[in-house]
> 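Below is one structure. I have some questions about it.
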2 protein chains.
Amino acid sequence: MSATVMLHTGEHGAGPAVVRPGHASRESQPVLRFAPDESIYAQGDTAGSMYRLVSGVVRCCKFQPDGRRHINAFCKPGDVFGFELAGEHLLSAEAVTACAVVRMRCQGMEKDPAAAIQLYGHAMRSLARAQAHSQLLGRSSAGQRLAAFLLEMLPGTSEDVETLPMARHDIADYLGLTIETISRTMGQLEKEGLLELVTARRIRIRDRQGLAALCGCEEPLDV
Amino acid sequence: MSATVMLHTGEHGAGPAVVRPGHASRESQPVLRFAPDESIYAQGDTAGSMYRLVSGVVRCCKFQPDGRRHINAFCKPGDVFGFELAGEHLLSAEAVTACAVVRMRCQGMEKDPAAAIQLYGHAMRSLARAQAHSQLLGRSSAGQRLAAFLLEMLPGTSEDVETLPMARHDIADYLGLTIETISRTMGQLEKEGLLELVTARRIRIRDRQGLAALCGCEEPLDV
DNA sequence: CGGATTGTTGATTACTTTCAACAATGGTGG
DNA sequence: CCACCATTGTTGAAAGTAATCAACAATCCG
């Protein structure tokens, strides 16, 4: 026996477990807009809201004391980010492309079981992603990482040209590689016929199965 | 967009959300014991419980289709693991040392706000760890990884000899390195005077600050 | 004590980084 | 609309780090 709880996360959601503008303990929030490379919040900032990405791409990243940057995740429309257990953000969130974001204040969450369950869902999805990512980084090989990354970022189903929203530098900091290695590996994948680089950012995936075989592990999580 | 949370009832499922022994709305569960290398659950198993480690050390790991193993986390007494968003375990949990575990069935979570909030806390702690770990793997250098690992695993405060509970193979799969590299790097840290290897597993940390400086980043999370 | 397991060390190879120079791109102003 | 220029991406050569393969040593357990 099992029980299923539907957690509606869309703005138009309805029902008991809905975090949305208008909820008793929350209020409607305007859509915020950010230009590319603009900061949504920075690590160390007081955490008090969660954010739902409406459009665009966001990177959640950590700046190390030694100046290096690690990108933990790229958020796509529909993703929720920025919720924290403690009082301050552990990561920074920055717009990769122009993007639209809804901020939702999380006050009195502990008084609202439905919200707590929904928060749990978001946390678990983020957890699954983070674990998959650390598996990717532990597993090594530039080719495998890039293949997995491309399958994750370019969800298209046919052989159409898709646009990578982020720069090589972002990819490098996400995959734990250098921009030069990204460049070379991308070229190699092209030489192997797995993809075609129309320009650096405009890519046509020629052989999705080949890429999946290359990275030799689970398909990208669709969480 | 909507998300579904499967809240599984154990086969003996009865009563309100049972989360840990002693709590008002929960019931006491027996302590399970596992021998070293014994499996607590395997990836793909139906998920219906969470587990609290009472004593010993557990590894949460993923076996890739190509045979490689990645260890996502080592659990220490007090840690809670095994909760899932979906209906099955994404990772396996195995005893590293002999250990004692309390299994808690997760039923009727939606009726128990306190349990949901507690679950959220566990998920967020796991998330913070997973993110820190992917930062560690992305950041590189065997020496830095091992230094961070030792600070994480050997919490002692003075210069006493401590015992590593896991084998080199486990460390390697956790840090994304090989056992040979672990061995060599350990020897190098000893040569640099940062630690002393009484035996392979019995280690005296000589210079905690030095190790922290080496890994050049955040202190280990105490979550 | 003995034997299997676990850990170490050495030599070589493979891969990624680093440093450097160059090419392409895309946005801006003329 | 085009030319310019800063930004972004590519390519090459050399160096460094970790992986691999192989042999050996130490440890633990019965």
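Each chain gets a letter, A, B and so on, in the order the sequences are listed, and its residues count up from 1.
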> Can you tell me the distance, in whole Å, between the CG atom of Leu197(A) and the C1' atom of dA23(C)?
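It works out to 15 Å between those atoms.
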> Check the orientation of His133(A) and Tyr174(A). Use parallel for under 30°, tilted for 30 to 60°, and perpendicular for over 60°.
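Aromatic pair His133(A)/Tyr174(A) classed parallel.
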> Taking CG from Leu146(A) and C1' from dT10(D), how many angstroms apart are they, rounded to a whole number?
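From Leu146(A) CG to dT10(D) C1': 15 Å.
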> Provide, to the nearest angstrom, the distance between the CG atom belonging to Asp170(A) and the P atom belonging to dG9(D).
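The answer, rounded to whole Å, is 9 Å.
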> Check whether any side-chain heavy atom of Asn72(A) sits under 4.5 Å from a side-chain heavy atom of Lys62(A), and report yes or no.
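Result yes, sub-4.5 Å side-chain heavy-atom pair found.
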> To the nearest Å, give me how far apart CD1 (Ile171(B)) and C1' (dT6(C)) are.
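One finds 12 Å between C1' of dT6(C) and CD1 of Ile171(B), rounded.
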> Just wondering, do Glu162(A) and Arg204(A) contact through their side chains at under 4.5 Å, heavy atoms?
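They are not in side-chain contact.
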> Mind checking whether Phe83(A) and Tyr120(B) have parallel, tilted or perpendicular rings, split at 30° and 60°?
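Tilted.
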> Write down the distance between CE (Met186(A)) and P (dT11(D)), rounded to a whole number of angstrom.
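Rounding to the nearest Å, CE of Met186(A) and P of dT11(D) are 12 Å apart.
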> To the nearest 0.5 Å, what is the distance between CG on Leu150(B) and CG on Leu194(B)?
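Between atom CG of Leu150(B) and atom CG of Leu194(B) there are 10.0 Å.
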> Tell me: CZ of Arg168(A) to P of dT8(D), nearest whole Å?
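Going from Arg168(A) (CZ) to dT8(D) (P), I get 13 Å.
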> Once each nucleotide of nucleotides 15-30 of chain D is scored for protein heavy atoms under 4.0 Å, what B/S/- sequence comes out, 5' to 3'?
---SSBB---------
> If I take atom CZ from residue Arg208(B) and atom CD from residue Glu159(B), how far apart are they, to the nearest 0.5 angstrom?
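These two atoms lie 9.5 Å from each other.
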> Rounded off to whole Å, could you give me the CG-to-P distance for the Asp173(A) and dT17(C) pair?
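It is 11 Å, rounded to the nearest whole Å.
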> I need the CD1-P distance between Ile179(A) and dG12(D), as an integer number of Å.
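Whole-Å distance recorded here is 16 Å.
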